[in-house]
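Quick caveat, the model's predicted, so the values are computed rather than measured.
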Amino acid sequence: MKTFNLGWLLFVAILLISALPFSQASRSKQHKVKTGVFRSPQIVLGPGSVANKLFSNVDFPRGHIALKSFDAEIIDESGNPIPLYDTYLHHWLVLKFYVRKGLENQDISKLNSSDYISGRNSGICQDGALDQFFGLGSETRKTKTHIPDPYGIEIGNPTKIPSGFVETWGLNVHAIDTRGVEDRMGCTECRCDLYNVTKEENGTPLSPNYDGGLLCCYDGTKCRLKDGFIGIDRTLYLQYTVKWIDMNSLIVPVNVYIFDVSDIWKRSRNSTGINSEHNCQVEYQVESCRATGSANDKCIDAESISLDMPFGGYLVYGVAHQHAGGTGSALYGKDGRSLCSSIPIYGTGEEAGNENGYIVGMSTCYPKPGTKKISKGETLILESNYSSIKQHTGVMGLFYILVAETLA
C-alpha cells in the first residue's frame with residue numbers, strides 16, 4: 001500500500017513538471033536577466049559650477065530586448081560615490097533616438113532635424129518635454145526601478161525602427177557642484193540671484209516673477225561661492241546599471257507615461273474626435289505660506305491637476321519625482337480611487353545615499369497584477385504636495401507610471 005502511494009505521488013509530480021512551460025518557473029528560465037554596468041563620458045566640475053550635458057549614442061544594451069531596471073549614481077574616477085552635498089544630481093534622463101544610418105556617432109544636438117527622430121515614451125506632454133524612458137534625480141540611490149516579471153519595456157524591435165535609421169540612446173545629466181557655495185539648498189533650487197543670471201541660455205530676458213529654476217542653472221553657470229573659497233576641479237561620471245532580458249513571447253510589454261502637475265492643457269476637437277493639447281511646464285514655484293498670508297499649522301502647498309488617459313491598461317509600477325521640500329504625491333483614478341502614492345525619503349546622515357536634508361529616495365508602487373485598471377479616456381487626478389514654510393524654486397511634481405495593455 002505504501003509503494004502504491006509513493007508511485008502515485010511520483011506520477012503526479014511528473015505531470016506537474018510537464019505543465020511547467022506556462023508556469024513562473026519556466027518564465028524564470030526563459031527570462032535570463034543580463035546586467036551591464038556603464039559610465040557616461042566624463043563630467044568636469046569645479047566648486048559652484050553646473051554641468052547639464054546631453055551625451056549622444058551612449059553605451060547601452062542592444063538588440064530586441066526588454067528593459068527590467070535602470071539605476072544610476074555620480075561617482076569619481078576611482079568609482080567612489082559622491083554625496084549630494086558635494087555634487088547635487090539635479091536629474092538624469094535616458095532618451096531614445098532614431099538616427100539616420102552613418103550619423104549615429106554624431107552629436108545629436110548638431111544634426112539636422114531630418115536626420116533624427118525622437119523615440120519618446122507614451123506620455124501626454126508636448127514633444128521635447130519629458131520624453132525620457134527612465135529618469136530620476138537626488139533620489140536615485142534609494143528608489144526602486146525594477147519592473148516585475150513578466151513585464152518589461154520593449155526596445156530594439158526592428159519592425160518599429162524607421163527605414164534608414166538606427167536606434168540609439170542619449171543620456172542627459174544635470175549636476176551642480178556645491179562645494180564651498182554660500183547657500184547649498186539655494187544652489188540646488190537654482191535661485192537666479194545666487195547664479196547672477198538675468199537671461200535664459202539663449203539670451204531671452206527672464207520674467208520678473210521667475211526667481212529660480214532650470215532657466216538659471218544651465219550648463220556652464222556658477223553658483224556663488226563663499227569669500228575666499230578655493231577648490232580644485234574634479235572629474236566625475238554617471239555610472240548606470242542596466243538589467244534586461246531577451247525579448248520573447250512570454251514578456252508583456254509596458255508603456256511609459258509621465259504626468260506633470262504643472263501641465264497647462266486643454267481639450268480641443270478635431271476631425272477625429274476629442275484631442276488634448278498639452279504644455280508641460282516641468283517645474284513650478286512654491287511661495288512661502290507666510291509671504292502669501294496663508295500660514296497655518298501645516299503650511300502645505302497642494303497642487304493638483306486632472307488629466308485624460310489616452311490609452312487603457314493595468315498599472316504595473318508607479319513613482320513620483322519631487323525636490324527638497326516635497327512631502328508626497330499621489331495619483332487617483334475615476335471616483336477618487338487610489339492608484340499610487342509616492343512619498344519622499346529624506347536622508348539623516350552624511351554618507352552617500354543618506355545625506356541629511358536631501359531627498360534620497362521615493363517610495364514606489366507595485367500593485368498586485370490586474371488590481372489597478374485604467375480605462376482609455378479615464379480622467380486621472382495628480383496631486384503634488386510641498387512644505388511652504390519657506391519658498392522653494394524650480395520644484396517638480398512629476399509622476400511616472402508603467403502600464404500594460406494586457407495581463408500576463
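A salt bridge does not link Arg184 with Glu355: none of the charged nitrogens is closer than 4.0 Å to a carboxylate oxygen. Using a 4.0 Å cut-off between charged side-chain N and carboxylate O, Asp335 and Arg337 make no salt bridge. Salt-bridge annotation for Asp71 and Lys144: absent, with no side-chain N of the basic residue lying under 4.0 Å from a carboxylate O of the acidic one. Salt bridge Lys68/Asp149: present, at least one basic N to carboxylate O contact under 4.0 Å. Between Glu182 and Lys226 there is no salt bridge, since no side-chain nitrogen of the basic residue lies less than 4.0 Å from a carboxylate oxygen of the acidic one. Ionic pairing of Lys334 and Glu378 is not present here: no N-O contact between side-chain nitrogen and carboxylate oxygen is shorter than 4.0 angstrom.
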Residue pair Arg120, Cys125: steps toward the side chain to side chain contact (heavy atoms under 4.5 Å, CB included) verdict: CA-CA 10 Å; Arg120 57 171 301 149; Cys125 290; 4.3 Å; yes
Stepwise side chain to side chain contact (heavy atoms under 4.5 Å, CB included) check, Thr235 with Gln42: CA-CA 6 Å; Thr235 299; Gln42 67 178 26; 3.6 Å; yes
Go through the steps to decide whether Tyr210 and Glu200 satisfy the test side-chain hydrogen bond (donor to acceptor under 3.5 Å, both in side chains), and finish with yes or no. CA-CA 11 Å; Tyr210 190 82; Glu200 298 180 30; over 6 Å; no
Kindly determine whether Leu315 and Ile401 satisfy side chain to side chain contact (heavy atoms under 4.5 Å, CB included), including the steps that lead there. CA-CA 7 Å; Leu315 184 65; Ile401 61 172; 3.6 Å; yes
Under the side-chain hydrogen bond (donor to acceptor under 3.5 Å, both in side chains) criterion, do Ser56 and Gln106 qualify, and how do the steps go? CA-CA 7 Å; Ser56 303; Gln106 301 296 314; over 6 Å; no
Could you give me the CA-CA distance, side-chain angles and deciding distance for Val282 and Met396, then say whether side chain to side chain contact (heavy atoms under 4.5 Å, CB included) is met? CA-CA 6 Å; Val282 182; Met396 295 185 181; 3.9 Å; yes
Could you walk me through whether Glu189 and His323 pass the side-chain hydrogen bond (donor to acceptor under 3.5 Å, both in side chains) test, one step at a time? CA-CA 8 Å; Glu189 291 190 348; His323 291 184; over 6 Å; no
Start with the C-alpha gap between His64 and Asp246, add the side-chain angles, then the distance that decides, and say whether side-chain hydrogen bond (donor to acceptor under 3.5 Å, both in side chains) holds. CA-CA 7 Å; His64 190 191; Asp246 292 330; over 6 Å; no
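To the nearest 0.5 Å, the span separating CZ on Arg100 from OG on Ser114 amounts to 5.5 Å. Here Arg234 contributes atom CZ and Thr87 contributes atom OG1; the two are 4.5 Å apart, rounded to the nearest 0.5 Å. The line from CG of Asn385 to OG1 of Thr327 is 4.5 Å long, rounded to the nearest 0.5 Å. The CD1 atom of Ile381 lies 9.0 Å from the CD1 atom of Ile305; values are rounded to the nearest 0.5 Å.
Within the 4.5 Å cutoff, the side chain of Ser329 has heavy atoms near those of the Gln322 side chain. The side-chain heavy atoms of Tyr346 and Asn356, taken from C-beta on, include no pair separated by under 4.5 Å. For the pair Thr35 and Thr241, the minimum side-chain heavy-atom distance is below 4.5 Å. Under the 4.5 Å side-chain criterion, counting only non-hydrogen atoms from C-beta, Gln285 is in contact with Asp211. Between Leu45 and Ile43, the closest side-chain pair of non-hydrogen atoms falls below 4.5 Å. In this structure, Tyr284 and Glu303 have side chains that are in contact, with non-hydrogen atoms separated by less than 4.5 Å. Between Val166 and Ile161, the closest side-chain pair of non-hydrogen atoms is not below 4.5 Å. Side-chain contact between Ser138 and Leu89 is absent, with no heavy-atom pair separated by less than 4.5 Å.
Remark: of the listed residues Phe134, Phe133, Phe55, Phe133 is the sole one forming a ring-ring contact (aromatic ring centres under 6.0 Å, His included) with Trp169. Evaluated for a side-chain contact (heavy atoms from CB on, under 4.5 Å) with His90, the options Val173, Leu214, Thr188 yield exactly one hit, Leu214. Looking at His392, Lys390, Gln391 one by one, the single match for side chain to side chain donor-acceptor pair (under 3.5 Å) with Glu287 turns out to be Gln391.
Asp131 and Asn121 form no side-chain donor-acceptor contact under 3.5 Å, judged by distance and modelled atom types alone. For the 3.5 Å distance criterion, the side chains of Tyr98 and Glu104 fail to qualify, holding no donor opposite an acceptor. Side-chain atoms of Asn279 and Gln281 include a donor-acceptor pair closer than 3.5 Å. Remark: the Asp308 side chain and the Thr379 side chain contain an N/O donor-acceptor pair separated by less than 3.5 Å.
Listed by first then second residue, pairs satisfying disulfide (SG to SG under 2.5 Å) with a partner in residues 330-408 read Cys340-Cys365, not counting sequence neighbours. Evaluation of the salt bridge (charged side-chain N to carboxylate O under 4.0 Å, His left out) test over residues 42-60, restricted to residues two or more places apart or in two chains, returns Lys53-Asp219.
Between Phe70 and Trp92, a ring centre-to-centre spacing shorter than 6.0 Å is recorded. Here Phe38 and Phe60 keep their ring centres 6.0 angstrom or further from each other.
Annotation: Lys96, atom NZ; neighbour count of heavy atoms from other residues, nucleotides and ligands within 6.0 Å is above 12.
Looking only at distances, no side-chain donor or acceptor of Arg62 sits under 3.5 Å from a matching main-chain atom of Gly156.
Between Tyr358 and Tyr88, the angle of the ring planes lies from 30° to 60°, which puts this pair in the tilted group.
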